[in-house]
Amino acid sequence: MSTSAGAILLAGRVLFAVFFANSAYGHVKNHRMMTGYAKQAGVPVPFVAGWPSGAWLAAAAVSVAAGIWADLGALMIAAFVIPAAVLLHAFWKVDDPAQRQTDRMSFLRNVTFLGAALALFAVFASIDHGLRFAVTGSLIHLS
């Protein structure tokens, strides 16, 4: 990978991670609110929606941005957005049109993040030690 391609990918990694780092902060800071929202939405273990999710997202964001097993960090993001989309933003269950639209947009945002996380995983796992500006190579190797 060239230096310029590595710099562009680094900028993309950092910008992608910023959303999840900010979300991590919100999950930790607003633990009670996140837990209450998850409980109201019927999440099986609502406690996990607070600081545990925040810690998970923070680790994933640092992993992707710093390039510390960035492939694993991308999979961690993917693993987060799937249940978030299905359990917390189930727009098909909502009657109120305004709330339905809000949940639909949040659901689609999570689907978009899932696609981006999976694409980044494939890039990181196939580039391995060729990933520029990274602390480590990939944990999973795709050929």
Side-chain angles (χ1 to χ4, degrees), residues 1 5-143:
M1 173 178 285
I8 292 167
L9 185 55
L10 173 62
R13 288 172 16 212
V14 170
L15 291 171
F16 183 69
V18 163
F19 177 87
F20 296 100
N22 182 63
S23 185
Y25 175 74
H27 279 258
V28 172
K29 181 181 177 202
N30 302 311
H31 172 78
R32 275 195 165 133
M33 184 179 74
M34 294 295 186
T35 301
Y37 181 69
K39 186 175 184 177
Q40 180 184 11
V43 173
V45 185
F47 175 80
V48 173
W51 71 262
S53 288
W56 179 270
L57 289 171
V62 168
S63 172
V64 169
I68 303 169
W69 289 338
D71 56 330
L72 179 61
L75 286 179
M76 289 172 70
I77 289 170
F80 174 83
V81 297
I82 293 169
V86 174
L87 298 174
L88 297 173
H89 305 299
F91 66 92
W92 53 91
K93 295 180 181 178
V94 178
D95 293 327
D96 177 59
Q99 185 60 45
R100 183 181 185 93
Q101 182 63 20
T102 299
D103 280 340
R104 183 174 183 269
M105 295 309 297
S106 296
F107 177 87
L108 291 173
R109 179 198 61 214
N110 284 341
V111 169
T112 301
F113 283 144
L114 175 60
L118 292 175
L120 283 174
F121 164 74
V123 168
F124 299 149
S126 62
I127 292 176
D128 193 18
H129 287 286
L131 180 62
R132 301 292 295 260
F133 311 112
V135 176
T136 70
S138 63
L139 184 63
I140 300 165
H141 308 287
L142 299 177
S143 27

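Please read these numbers as outputs of a predicted model, since none were measured by experiment.
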Should Asp95 and Arg100 count as side-chain neighbours, where that means a heavy-atom distance under 4.5 Å?
-> no
Student check: side-chain heavy atoms of His31 and Phe47 closer than 4.5 Å | yes
List the steps, then state whether side-chain contact (heavy atoms from CB on, under 4.5 Å) holds for Leu131 with Leu9.
-> CA-CA 9 Å; Leu131 180 62; Leu9 185 55; 3.4 Å; yes
Listed partners of Ser63 passing side chain to side chain donor-acceptor pair (under 3.5 Å), at least two apart | none
Which heavy atom of Ala21 sits nearest a heavy atom of Ala61, and at what distance?
-> N-CB, 3.8 Å
Residues in side-chain contact (heavy atoms from CB on, under 4.5 Å) with Leu114, at least two apart?
-> Ala78, Val81, Ile82, Leu118
Of all residues at least two apart in sequence or in a different chain, which pass the side-chain contact (heavy atoms from CB on, under 4.5 Å) check with Gln101?
-> Arg104, Met105
For the residue pair Phe19 and Phe113, does the interplanar ring angle fall in the parallel (under 30°), tilted (30 to 60°) or perpendicular (over 60°) class?
-> tilted
Which residues satisfy the side chain to side chain donor-acceptor pair (under 3.5 Å) test with Arg132, sequence neighbours excluded?
-> Thr3
Could you pull out every donor-acceptor pair under 3.5 Å between side chains of residues 134-143 and any protein atom, sequence neighbours left out?
{"unit_1": "Thr136", "atom_1": "OG1", "unit_2": "Gly67", "atom_2": "O", "d": "3.4"}
{"unit_1": "Thr136", "atom_1": "OG1", "unit_2": "Trp69", "atom_2": "N", "d": "2.7"}
{"unit_1": "Ser138", "atom_1": "OG", "unit_2": "Asp128", "atom_2": "OD1", "d": "2.9"}
{"unit_1": "Ser138", "atom_1": "OG", "unit_2": "Ile140", "atom_2": "O", "d": "2.9"}
{"unit_1": "Ser138", "atom_1": "OG", "unit_2": "His141", "atom_2": "ND1", "d": "3.4"}
{"unit_1": "His141", "atom_1": "ND1", "unit_2": "Asp128", "atom_2": "OD1", "d": "3.4"}
{"unit_1": "His141", "atom_1": "ND1", "unit_2": "Asp128", "atom_2": "OD2", "d": "3.2"}

Where Leu57 and Ser23 come nearest, the two heavy atoms and their spacing = CD1-OG, 3.6 Å
Partner residues of Tyr37 under the ring-ring contact (aromatic ring centres under 6.0 Å, His included) criterion, sequence neighbours left out | none
Contacts of Leu10 meeting side-chain contact (heavy atoms from CB on, under 4.5 Å) (sequence neighbours excluded), chain-then-number -> Arg13, Val14, Phe133
Sequence-distant partners of Phe121, ring-ring contact (aromatic ring centres under 6.0 Å, His included), two or more places apart = none
Considering non-hydrogen atoms only, spot the tightest contact between Gly73 and Ala60 and give its length.
-> O-CB, 3.7 Å
Applying side-chain contact (heavy atoms from CB on, under 4.5 Å) to Ala98 and not counting sequence neighbours gives Asp96
Pairs involving residues 76-99, ordered by first then second residue, that meet ring-ring contact (aromatic ring centres under 6.0 Å, His included) (sequence neighbours left out) | His27-Phe80, Phe91-Phe107, Trp92-Phe107
Residue pairs passing the side-chain hydrogen bond (donor to acceptor under 3.5 Å, both in side chains) test where at least one lies in residues 109-127, sequence neighbours excluded | none
Spacing of Phe124 atom CZ and Leu75 atom CG [to the nearest 0.5 Å] = 10.5 Å
Exercise: identify the closest heavy-atom pair between Leu88 and Ala38 | CD2-CA, 3.9 Å
